[in-house]
Novice: 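Quick one: structure below, then a few questions.
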Amino acid sequence: MAVPLLPPSVRPLDHLAADPRILHQPTARPDVAATLHALLDPADPYPVIDAARRLCQGPLEHALGDIAERRLLHEPTGRRVPLQEITSRVLTPAAHTHRLDAADADALGFALRCTFAYPGIVGTADAPLALKHILPPGYQPYASAQQIMASQADAGPDGLNTTYLVSQMKGGMSVDFGIGCPLMCAYCYRREGDTVDGYLGSWEPTGFLSADQAVQRLLAHPWFTPHITPLGLHMSTSEAFMPKLWPRTWETLRLLDELGLTNRVSCITKYTLSDEQITALESLVNVDLDVNVCYAAMPEAIEPPNRARRIDFLRRVLHSDKINTLAYYRPIAEGLNTSDEHLRHVWTVFKEAGARTVVLGGLKFADDHVHSFMSYGLPLPQGSFTAGKKLLTPATEARIMAMFDQVYADVPAHRRPAVLKRSSCGRSVARGHHIPDYNGHYDAPATNCRLRCPLAQHQVCADAVRPQQPQVRQLLHRLGRGEDRFTITSATVVIHGALSAFERTFLRQNLLYPVHTAPQAAELIAGRLR
């Protein structure tokens, strides 16, 4: 497996401590980061904090001491506070408590970033979004950045890269071991007979990669940012918890955790896990895992995975205080699972299980699905479908929310679950409103935020931090577009040039801020003026 990359030189701590303002000096930060990282153990970041205290004085020294003494880099459960949440959960409160000025707060943020490892070809404590300039002796990434980007450019319309098996998709970066799923859901767009290269027309998954190989490819990908890029295991290629793939899934999670990565990792499932497997997931300390359990009362002739076992799994995993669990109310197919009886049943299941965050989703359906459904003698969903788009009509959405109000009528409003339209919104809400929705959906709140998104999350998304020019330039360089012009506004980052949907997603997920091409930005502004 690829080894973590370290800066090229390590200066003695005592030498650095001779300058009590060295944490404040941008030009000195590569040397400081190298020295502090030499002390880093992903399982214990506090020696780095103690060393950073020796490099400063006054309020900043007291703030670092308080963080170490109170172990504020960990939650009470023992889970590491992810890098993306450090600002809201540690930095901002410490700056307020110890009355740090802007320079001290910036230095504290740098010291906190030094408590995280940066494996792979991207990221350092002083430049988390940048490609590394120097690789350690003997390190050979799986492929060059240019080769990997070329394979991504040849990916399918949904972003699936069947050549490299690490793919930038809308929900995040998907890490896959192979393609194929035996669950045989009739609406699956990677079902038997699919012509996608690598699928081989088989329901059975073929394990093309080991966990070690998958992680190596991830660390070599120029679009993967340690601690920032949202990840999915088998995001749309198979079922990560299926017995045949569970050992690879678990080993991948364990390797990511061992590397000290705090990236959000999602597993979307129609399967179940045993209590022992749930306990294994709870043992992860660094990885920020969420489990998204799909349940929409779809007829079993269309969606065969056992309903009762899924409901039981949802109930059990929701009891964990170490796993973020979302109830995936999807796919919702007009006329197939949208009767009042269906809607009442699903909301009752979620209520009794104790669901706290629910994500709605419609159905993708194309001409080849029609032929498949008809060949199996299955009823067709209703509605007019657009290729590649999920259909959930406003009328059905309104009926779903009206039934929600009926089922939860005896529950105070503040104790009812959040209900979101987008997966990235659900994942942000489930974690406690510490970062904006990482897909930047707040650029169209009337469309994307109209269900039951908590007001606190609305405010976090509205207050998304405006990116700095070096950050945008570093990301464009990673896309091979380092010379592209861009404009940073109070509403969005405008890229003056063509931008694929997946390049735009990559930029949004790294900046936590809306990104548009110039025509898209003009359309957005025109829509707000109407």
Novice: Has the side chain of Asp66 got a donor or acceptor atom that lies under 3.5 Å from a matching backbone atom of His62?
Specialist: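 Not a single qualifying donor-acceptor pair exists.
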
Novice: Any side-chain to backbone donor/acceptor pair from Glu85 onto Pro82? Under 3.5 Å, distance only.
Specialist: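 The answer is no, because no donor-acceptor pair under 3.5 Å joins these two groups.
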
Novice: Can you measure from CG (Leu183) to CD (Glu303) and round to the nearest 0.5 angstrom?
Specialist: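 Answer for the CG-CD pair, Leu183 versus Glu303, is 9.0 Å.
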
Novice: Relative to Tyr118, does Arg113 satisfy both conditions: NZ or CZ under 6.0 angstrom from the six-membered ring centre, and within 45 degrees of the ring's axis?
Specialist: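 No cation-pi geometry.
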
Novice: Do Phe177 and Thr252 pass the side chain to side chain contact (heavy atoms under 4.5 Å, CB included) test, and can you show the C-alpha distance, the side-chain angles, and the key distance before you say yes or no?
Specialist: CA-CA 10 Å; Phe177 313 116; Thr252 298; 3.1 Å; yes

Novice: Tell me the closest heavy-atom pair linking Ser167 and Gly159, and the distance in Å.
Specialist: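 Smallest heavy-atom distance, with atoms named: CB-O, 3.2 Å.
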
Novice: With a 3.5 Å distance limit and no angle check, can you tell me whether Arg80 reaches the backbone of Val285 through a side-chain donor-acceptor pair?
Specialist: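 Checking the backbone N and O of Val285 against the side chain of Arg80, no donor-acceptor pair under 3.5 Å is found.
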
Novice: Under 4.5 Å between any side-chain heavy atoms of His234 and Met242, yes or no?
Specialist: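 A side-chain contact under 4.5 Å is absent here.
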
Novice: Give a yes or no on whether the backbone of Ala430 and the side-chain of Arg356 come within a donor-acceptor separation of less than 3.5 Å.
Specialist: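 No, the answer is negative, given that no donor and acceptor are paired below the 3.5 Å cut-off.
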
Novice: Taking only Lys NZ, Arg NE, NH1 and NH2, and the carboxylate oxygens of Asp or Glu, determine whether Asp50 and Arg54 approach each other closer than 4.0 Å.
Specialist: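 Salt bridge: no.
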
Novice: Strictly by modelled atom types, are Asp212 and Ser210 linked by a side-chain donor-acceptor pair under 3.5 Å?
Specialist: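 There is no such pair between these side chains.
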
Novice: Show, in sequence, the C-alpha distance, side-chain angles and deciding distance for Met235 and Ser423, and conclude whether the side chain to side chain contact (heavy atoms under 4.5 Å, CB included) test is met.
Specialist: CA-CA 12 Å; Met235 194 167 285; Ser423 296; over 6 Å; no

Novice: Using modelled atom types only, decide if a donor and an acceptor are shared between the side chain of Thr115 and the backbone of Leu112 within a distance under 3.5 Å.
Specialist: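 Yes, because the side chain of Thr115 sits within donor-acceptor range (under 3.5 Å) of the backbone of Leu112.
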
Novice: Would you say the ring centroid of Phe110 lies under 6.0 angstrom from that of His24?
Specialist: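 No, the ring centres sit 6.0 Å or more apart.
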
Novice: Ignoring hydrogens and angles, state whether a donor on the side chain of Ser151 or Asn161 is under 3.5 Å from an acceptor on the partner side chain.
Specialist: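 Looking only at side-chain atoms, Asn161 and Ser151 do form a donor-acceptor pair, the distance falling under 3.5 Å.
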
Novice: Just wondering, are more than 12 heavy atoms of other shown residues or ligands nearer than 6.0 Å to CD in Gln25?
Specialist: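 Yes, CD of Gln25 has more than 12 neighbouring heavy atoms, counting only those of other groups under 6.0 Å.
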
Novice: What pair of heavy atoms forms the shortest contact from Gln213 to Leu209, and how long is it?
Specialist: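 Distance-wise, the nearest heavy atoms are OE1-CA, 3.3 Å.
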
Novice: With a 4.5 Å limit on heavy-atom distance, are the side chains of Arg309 and Asp312 in contact?
Specialist: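 SC-SC contact between Arg309 and Asp312 ruled out.
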
Novice: Would you find more than 12 non-hydrogen atoms of other residues, nucleotides or ligands less than 6.0 Å from His433 atom NE2?
Specialist: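 Counting neighbours around NE2 of His433, more than 12 heavy atoms of other residues, nucleotides or ligands fall under 6.0 Å, so yes.
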
Novice: Of the non-hydrogen atoms in Ala111 and Leu64, which two are nearest, and what is the gap between them?
Specialist: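 Between these two residues, the closest heavy atoms are CB-CD2, 4.2 Å.
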
Novice: Under 3.5 Å, is there a donor-acceptor pair between the Ser424 and Arg264 side chains?
Specialist: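 Arg264 and Ser424 do not have a side-chain donor-acceptor pair below 3.5 Å.
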
Novice: Any side-chain to backbone donor/acceptor pair from Asp288 onto Pro230? Under 3.5 Å, distance only.
Specialist: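 Looks like no, no N/O pair under 3.5 Å.
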
Novice: Any side-chain donor paired with an acceptor under 3.5 Å for Thr269 and Glu239?
Specialist: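 Glu239 and Thr269 do have a side-chain donor-acceptor pair below 3.5 Å.
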
Novice: How close do Val515 and Arg504 get, counting heavy atoms only, and between which atoms?
Specialist: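 Here Val515 and Arg504 meet closest at O-NE, 2.6 Å.
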
Novice: If the plane angle is over 60° it's perpendicular, under 30° parallel, otherwise tilted; pick one for Tyr46 and His74.
Specialist: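 Rings of Tyr46 and His74: tilted, 30 to 60°.
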
Novice: Of Thr505, Thr229, Thr225, which is the lone residue that meets side-chain hydrogen bond (donor to acceptor under 3.5 Å, both in side chains) with Asn510?
Specialist: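 Of all the options given, the one that passes is Thr225.
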
Novice: Can any side-chain N or O of Arg466 pair as donor or acceptor with the backbone N or O of Tyr513 at less than 3.5 Å?
Specialist: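 Checking the backbone N and O of Tyr513 against the side chain of Arg466, no donor-acceptor pair under 3.5 Å is found.
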
Novice: Using side chain to side chain contact (heavy atoms under 4.5 Å, CB included), reason through Thr87 and Ile435 one step at a time and then give a plain yes or no.
Specialist: CA-CA 9 Å; Thr87 297; Ile435 68 169; over 6 Å; no

Novice: Indicate the atoms forming the closest heavy-atom contact of Ser266 with Arg427, along with that distance.
Specialist: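 So the two residues come closest at OG-NE, 3.1 Å.
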
Novice: Check Asp106 with Arg29, please: is the shortest side-chain N to carboxylate O separation under 4.0 Å?
Specialist: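 So Arg29 pairs with Asp106 through a salt bridge.
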
Novice: Without swapping roles, check the side chain of Ser320 against the backbone of Ile323 for a donor-acceptor pair under 3.5 Å.
Specialist: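 Yes, because the side chain of Ser320 sits within donor-acceptor range (under 3.5 Å) of the backbone of Ile323.
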
Novice: On a heavy-atom basis, which atom in Leu253 and which in Leu284 lie closest, and how many Å separate them?
Specialist: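 Shortest heavy-atom separation between Leu253 and Leu284 comes out as O-CD2, 3.8 Å.
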
Novice: Can a salt bridge be assigned to the pair Glu75 and Arg89 using a cut-off of 4.0 Å between side-chain N and carboxylate O?
Specialist: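 Here Glu75 pairs with Arg89 in a salt bridge, since their nearest N and O are under 4.0 Å apart.
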
Novice: Taking the six-membered ring of Tyr164, is the NZ or CZ of Arg217 close enough (under 6.0 Å from the centre) and on axis enough (within 45°)?
Specialist: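 Yes, cation above the ring, under 6.0 Å and within 45°.
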
Novice: So Leu451 and Leu360, side chain to side chain contact (heavy atoms under 4.5 Å, CB included) or not? Walk me through it.
Specialist: CA-CA 10 Å; Leu451 297 180; Leu360 304 185; 3.8 Å; yes

Novice: Short question: side chain of His221, backbone of Trp223 - any donor-acceptor pair under 3.5 Å?
Specialist: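 Between the backbone of Trp223 and the side chain of His221 there is a qualifying donor-acceptor contact (under 3.5 Å).
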
Novice: In plain terms, say whether Asp158 and Lys170 are close enough for a salt bridge, that is, a side-chain N and a carboxylate O under 4.0 Å apart.
Specialist: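 Salt bridge flag = no for Lys170 with Asp158.
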
Novice: Would you please say whether a donor-acceptor pair under 3.5 Å links the side chains of Asn286 and Thr262?
Specialist: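 Side chains of Asn286 and Thr262: no pair found under 3.5 Å.
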
Novice: Output yes when Asp257 and Arg254 qualify as a salt bridge under the 4.0 Å nitrogen-oxygen rule, no when they do not.
Specialist: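 So Asp257 does not pair with Arg254 through a salt bridge.
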
Novice: About how many Å separate OG of Ser88 and CG of Asp463, when rounded to the nearest 0.5 Å?
Specialist: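 Result: 12.0 Å between the selected atoms.
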
Novice: Are any side-chain N or O atoms of Lys132 and backbone N or O atoms of Gly123, one a donor and one an acceptor, separated by less than 3.5 Å?
Specialist: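 The answer is yes, because a donor-acceptor pair under 3.5 Å joins these two groups.
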
Novice: To the nearest 0.5 Å, what is the distance between OG on Ser283 and CZ on Arg79?
Specialist: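 Ser283 atom OG to Arg79 atom CZ measures 13.5 Å (nearest 0.5 Å).
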
Novice: May I ask you to say whether Asp437 pairs ionically with Arg422, meaning some side-chain N is under 4.0 Å from a carboxylate O?
Specialist: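 Looking at Asp437 and Arg422, the cut-off is not met.
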
